[in-house]
Amino acid sequence: MDPIQSLPGTEDILPTCQWLGSDIKVAPVHTWQRVEEVARELFRRATYREIRTPCFEQTLLFERGIGTATDVVSKEMYSFRDRSDRGCTLRPEGTAGAVRAYVQHSLYAQGGVQRLWYSGPMFRYERPQKGRQRQFHQIGVEVLGSADPRADVEVIALATDLLQGLGLKNLTFYLNSVGDLHDRQRYRDALVAYLTPYQADLDPDSQHRLVHNPLRILDSKDQKTQAIVAAAPSILDYLADQSHWHFDQVQQQLAGLGIEFIVNPRLVRGLDYYSHTAFEIQSTDLGSQATVCGGGRYDGLVEALGGPATPAVGWAIGLERLTLVLEKLNPNQPASPEVYLVSRGEKAEANALYLAQQLRQAGLAIDLDLSGSAFGKQFKRADRSGAPVCLVLGEEEAAQALVQIKWLGSGQQTTLSQADLLQNPAQLRQLAQG
RNA sequence: GCGGGUGUAGCCAAGAGGUUAAGGCAGUGGAUUGUGGUUCCACCAUUCGAGGGUUCGAUUCCCUUCACUCGCCCCA
């Protein structure tokens with residue numbers, strides 16, 4: 001019988017690395033846990049609170065929130081009808097759901113600014129490749145209720161602190177402003193006017209986009225298109241005074257915090273709801289899917305989803321890409337047990353189980369050998385477990401309520417009384433060090 | 001949706017139209033039935049992703065199919 005495989009574009013995160021040839025395909029789970037720990041601590045310090053929203057929503061939410069013209073909505077959604085014939089969609093990103101919850105529960109009525117974070121699986125029906133899956137994971141933040149450029153800078157600082165706190169190198173931070181709706185409309189017209197004479201020279205995709213989504217032509221990877229776009233007007237010349245001021249403030253304040261950035265006027269982001277600040281953090285340690293973090297301001301979204309006009313800014317980090325980079329940079333070992341417990345014989349085995357239970361309750365990480373095989377084999381496993389010491393319980397020790405402690409590094413061994421050990425289990429940790 | 005690559009054990013792999021399908025890692029058992037890290041021995045693919053074809057003979061050649069993978073589009 002053929003074993004059942006996971007669906008394409010979905011991956012298991014295992015206790016050990018998943019390899020793809022000599023490349024790491026999926027980082028081991030302890031690497032994910034490290035990211036989550038560092039992130040939680042940063043969020044705590046900056047007073048962001050977690051929000052957990054459903055993994056699926058009404059399809060309409062994403063159509064309204066992200067925009068029907070975007071690729072994410074028009075061709076990448078995991079949509080289905082439930083038994084009551086409701087249109088449902090597995091969330092392709094986290095912002096729409098968070099904003100929906102914000103509106104549904106009138107979080108704006110609490111006044112002031114809401115700082116939120118979330119983490120979880122997202123779904124897009126795309127062809128999987130390196131750093132891109134159908135089920136992937138994001139961790140993200142949203143600040144709702146502030147139009148202040150400091151809010152933009154605060155969230156950006158959070159992202160750079162997180163990535164740097166994890167020890168990432170080779171990152172490039174690209175910053176842009178896409179202005180407000182009016183700025184963008186004027187720029188769009190100017191861009192179309194500039195590109196139309198070159199229409200025939202553009203790559204086929206871009207010719208199509210000239211009609212539907214001209215801004216996207218700016219970051220085409222086609223060389224010829226790139227050459228044409230190089231001389232195109234810049235959106236930064238089309239920002240109204242207010243937009244311009246906002247962008248200036250963001251840049252000055254970023255500089256004030258010592259955060260390095262590159263202004264890239266050709267950076268456009270795929271989702272409709274962005275306004276003003278848009279940014280991306282890329283890593284050179286990935287394949288062609290290099291963006292680790294993407295975000296920006298979305299002042300119109302809350303209103304578009306039926307709430308009061310509320311400015312907002314946020315980002316999302318792709319955890320597959322982040323953990324991949326992290327693992328490539330410094331592969332780290334999972335924690336070894338503190339003690340490996342070896343036993344042989346019926347009485348001794350029962351005694352060992354009891355000891356393990358007691359020591360675990362005292363907070364020690366005990367690996368209890370369950371194999372029942374010869375001592376020799378058990379010591380072999382003890383050695384491989386990476387534990388600094390092992391406890392040995394044979395029939396003789398069990399009969400006298402003793403236990404032997406053996407240092408796996410030196411091979412030295414002495415006898416302890418079980419009663420004494422259980423009286424003060426923490427001494428094991430000291431013994432293990434010495 | 002479009003293009004390229006790859007399928008030999010849990011993992012990494014060699015092989016080539018002829019029948020015992022190398023080797024390494026991991027695993028299991030033993031030398032060593034109460035003491036590991038070294039060493040030695042044994043075991044570990046009735047079968048080369050699946051189906052069909054050519055052939056006396058196919059894992060190798062041809063076709064089909066499936067799976068995986070990288071890239072384009074787009075995004076985290």
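So you know, we letter chains A, B, ... as the sequences are listed, proteins then strands, and number each from 1.
Look at A:Arg384 and you'll find a side-chain N or O under 4.0 angstrom from OP1 or OP2 of B:G27. In this structure, A:Ser288 reaches the B:C72 phosphate: one of its side-chain N or O atoms is under 4.0 Å from OP1 or OP2. Put simply, A:Lys25 has a side-chain N or O that comes within less than 4.0 Å of OP1 or OP2 on B:U69. For the OP1/OP2 pair of B:G34 and a distance below 4.0 Å, the side-chain nitrogens and oxygens of A:Gln413 include no atom meeting the criterion.
Between the side chains of A:Asp367 and A:Ser385, no donor-acceptor pair is found at a separation under 3.5 Å.
The separation between A:Leu408 atom CG and B:U38 atom C1' is 16 Å, rounded to whole Å. Spacing between atom CZ of A:Arg321 and atom P of B:C70 amounts to 12 Å, rounded to whole angstrom units.
Nearest heavy-atom pair across A:Val268 and A:Arg216 is O-NH2, 3.8 Å.
Between the side chain of A:Glu126 and the base of B:A76, at least one donor-acceptor pair of N or O atoms lies under 3.5 Å. A donor-acceptor contact under 3.5 Å links the side chain of A:Lys406 to the base of B:G36.
Annotation: B:G53 and B:G17 have their P atoms spaced 23 Å apart (nearest Å). Spacing between B:G37 and B:U32 at atom P, rounded to whole Å, works out to 14 Å.
In this structure, A:Phe379 forms no aromatic stack with the base of B:G37, since the conditions of centre separation below 5.5 Å and plane angle below 30° are not both met.
For the pair A:Pro8 and A:Glu396, both in contact range of RNA chain B, the more 5′-proximal nearest nucleotide belongs to A:Glu396. Each of A:Arg124 and A:Gln129 has a nearest nucleotide on RNA chain B; the 5'-most of these lies closest to A:Gln129.
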query = Where does RNA chain B pair, written as one dot-bracket string 5' to 3', with Watson-Crick or G-U pairs under 3.5 Å, ( ) inside the strand, [ ] for crossing pairs and | for another strand?
reply = (((((((..(((.....[....))).(((((.......))))).....(((((..]....))))))))))))....
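Residues A:Trp117 and A:Tyr48 keep their aromatic ring centres 6.0 Å or farther apart.
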